[in-house]
Amino acid sequence: MKIASWNVNSIRSRQERVEQWLAQQAPDVLCVQETKVTDDAFPAAPFRALGYEPVIHGQKTYNGVAILSRAPVTEVRRGFDDSEAEAGARLVAARCGPVWVYSAYVPNGQVVGSEQWGVKLRWLARLRATLERHHKPTDAVVVCGDFNVAPEARDVHDPEFWKTQVLFHPQAREALHHLCEFGLVDTFRLHSEAHGAYSWWDYRALGFPRNLGLRIDLVLASNGLAGRCTAAAIDREARKGPLPSDHAPVLAEFDLS
DNA sequence: ATGGTTGCTTAGCAA
C-alpha cells in the first residue's frame with residue numbers, strides 16, 4: 001500500500017498538477033494539506049474520475065485538509081474530538097482499507113513566543129491525545145502531513161539559524177518527539193540517512209534552486225506498521241516546473257500482504 | 001535565508 005502526503009498550497013490552484021501526479025505515482029492514498037477551500041467548492045469530480053474518493057475538511061481562505069483514497073473508506077473523523085476549540089480545519093482521518101490514515105496540517109506558529117506559537121505546541125499535544133483515545137501503537141495507523149517542524153539538524157539547511165525559528169525551535173522539536181513517543185516512526189528515516197533531503201522550500205527566499213529547505217512533511221507509521229514499510233521517498237521532481245506548491249510530496253510504501 | 005513569492009481576497013494576512 002502506497003501512502004503519500006502533499007501540502008498543495010490551494011487545491012484549486014494545484015488541481016491539474018495533483019491529477020497528473022496521481023496518474024504518475026498511483027498512490028493508494030494521498031493526504032493533502034492547505035486546500036484553502038470550503039467543502040462545497042472542493043473540486044471532487046476530477047479526483048473521483050481518477051478513482052479517488054475525497055474525504056474533505058475545509059474552510060474559507062486558510063488551512064483545509066483532505067484524504068484522497070482509492071482504498072475503500074469505511075469511517076471518517078474530522079478535527080479533534082476533544083473539548084477545546086477547533087483552531088482551523090487542520091485534521092481529518094479516514095479508515096482506508098486496513099489502515100487508519102490521518103492528514104494533518106500542524107499550525108505554523110508564526111513567531112516563537114506568540115499566541116500562535118502556543119497553539120502550535122498545544123496542537124501537537126492534542127494530536128497525540130487523539131491518537132491515544134482511538135488507537136494502540138500496534139494498530140495500523142499512518143499520520144501524514146505538514147508538521148511545520150523539522151525533526152533533526154540534517155533535515156535543515158541552516159540549523160543554527162533555524163533553531164531560533166518556529167520550524168526548528170527546540171520546543172517544537174520536543175513537541176514532535178513527544179507525539180512520536182505514542183509509537184510513531186518517521187518512515188523516511190527507515191530508508192535514508194541523507195542530509196539535505198528537504199520537502200519544503202520558501203517561495204520568498206527563492207529557496208528551491210539553492211536547496212535552502214527543510215524536511216517538515218512526514219509520513220509517520222505506527223509501530224504496528226513500521227516493520228512493513230518497504231520504501232519511503234520525497235518526490236523533489238514535483239516541486240519543479242511552472243506554478244509549483246512550495247512543498248514536495250512525500251511517500252511511503254507498506255507490504256500488507 | 002533576511003530581499004526575493006504565492007494564494008486568497010481585494011489591502012492585508014498567512015506562509
Side-chain angles (χ1 to χ4, degrees), chain A residues 5-19 21 31-43 46 56-66 85-91 103-124 144-150 152-173 175-176 195-218 234 236 238-250:
Chain A
S5 183
W6 197 359
N7 179 323
V8 297
N9 187 21
S10 167
I11 191 65
R12 287 177 292 179
S13 291
R14 226 63 65 197
Q15 178 192 321
E16 281 191 31
R17 189 180 268 265
V18 174
E19 284 179 61
W21 191 84
C31 295
V32 176
Q33 299 86 37
E34 278 206 271
T35 56
K36 294 186 171 181
V37 67
T38 51
D39 292 353
D40 60 299
F42 187 97
I56 55 184
H57 183 42
Q59 67 179 89
K60 185 179 166 70
T61 309
Y62 302 119
N63 308 318
V65 287
E86 184 60 33
R90 294 177 173 273
L91 185 70
S103 182
Y105 177 43
V106 178
N108 170 286
Q110 295 183 340
V111 173
V112 174
S114 66
E115 182 178 349
Q116 280 304 307
W117 171 245
V119 170
K120 174 183 195 166
L121 299 177
R122 180 74 199 132
W123 202 95
L124 285 161
C144 296
D146 174 359
F147 287 82
N148 270 315
V149 184
E152 301 176 88
R154 59 184 168 168
D155 301 313
V156 180
H157 75 87
D158 182 351
E160 279 303 304
F161 169 75
W162 282 99
K163 73 182 186 186
T164 68
Q165 305 295 113
V166 293
L167 300 184
F168 191 58
H169 191 280
Q171 280 181 267
R173 294 173 65 194
L176 177 63
H195 292 236
Y198 307 134
S199 67
W200 169 82
W201 301 260
D202 200 333
Y203 290 130
R204 290 166 293 188
L206 302 175
F208 187 67
R210 296 190 282 162
N211 201 31
L212 304 179
L214 289 83
R215 191 172 69 89
I216 58 176
D217 299 273
L218 309 173
I234 302 171
R236 201 173 189 282
R239 180 62 172 77
K240 299 180 180 178
L243 297 177
S245 169
D246 46 350
H247 296 251
V250 296

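This is a predicted model, so every value here is computed, not measured. Sequence lines set the chain letters: A, B, ... in the order given, protein chains first and strands last, and positions in each chain run from 1.
dA14(B) and dT9(B) have their P atoms separated by 14 Å, with the value rounded to a whole Å. Taking atom P in both dT10(B) and dT5(B), one finds a spacing of 23 Å when rounded to whole Å. As rounded to the nearest Å, dC8(B) and dG3(B) have C1' atoms that lie 23 Å from one another. Distance noted for atom C1' between dG4(B) and dA15(B): 15 Å (whole Å).
The interatomic distance linking N9(A) (CG) with dT5(B) (P) rounds to 15 Å, in whole Å. The distance from atom CG of L243(A) to atom C1' of dT6(B) is 9 Å, rounded to the nearest whole Å. Across the protein-nucleic acid pair, D202(A) atom CG and dT2(B) atom P stand 12 Å apart, rounded to whole Å. Taking atom CH2 of W201(A) as the reference point, atom P of dT2(B) lies 19 Å away to the nearest angstrom. Rounded to a whole Å, the CH2 atom of W162(A) is 11 Å from the P atom of dT2(B). Note: CG (L206(A)) to P (dG4(B)) measures 10 Å, nearest angstrom. Between the P atom of dT2(B) and the NE2 atom of H157(A) lies a distance of 9 Å, rounded to the nearest Å. To the nearest angstrom, C1' of dA15(B) lies 13 Å from CG of L214(A).
Applying the 4.0 Å criterion to OP1 and OP2 of dT6(B), one finds that R14(A) has every side-chain N and O outside that range.
S199(A) and D217(A) are linked by a side-chain donor-acceptor pair at a separation below 3.5 angstrom, with hydrogens and angles left out of the test. Inspection of the Q33(A) and S5(A) side chains reveals an N or O donor paired with an N or O acceptor under 3.5 Å. Checking R14(A) against N7(A) by side-chain atom types alone, no donor-acceptor pair falls below 3.5 Å.
Ring centroid separation for the pair W162(A) and H169(A) does not come in under the 6.0 Å cut-off.
Contacts of Q33(A) with the nucleic acid, taken as non-hydrogen atoms under 4.0 Å apart, are absent.
Each of T61(A), N9(A), N63(A) was scored for a side-chain hydrogen bond (donor to acceptor under 3.5 Å, both in side chains) with K36(A), with one residue passing: N9(A).
Heavy-atom distances to DNA chain B give each of A205(A) and G109(A) a nearest nucleotide, and the one nearer the 5′ end belongs to A205(A). Comparing D246(A) and D158(A) along DNA chain B, the residue whose closest nucleotide (by nearest heavy atom) sits nearer the 5' end is D158(A).
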Which pairs, protein N/O on one side and nucleotides 10-14 of chain B N/O on the other, fall under 3.5 Å?
none

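Judged by distance alone, with hydrogens and angles left aside, the side-chain atoms of K120(A) form a donor-acceptor pair with the main-chain N or O of V166(A) at under 3.5 Å.
Cation-pi contact between R90(A) and Y105(A): present, with separation from the ring centre below 6.0 Å and deviation from the ring axis of at most 45°.
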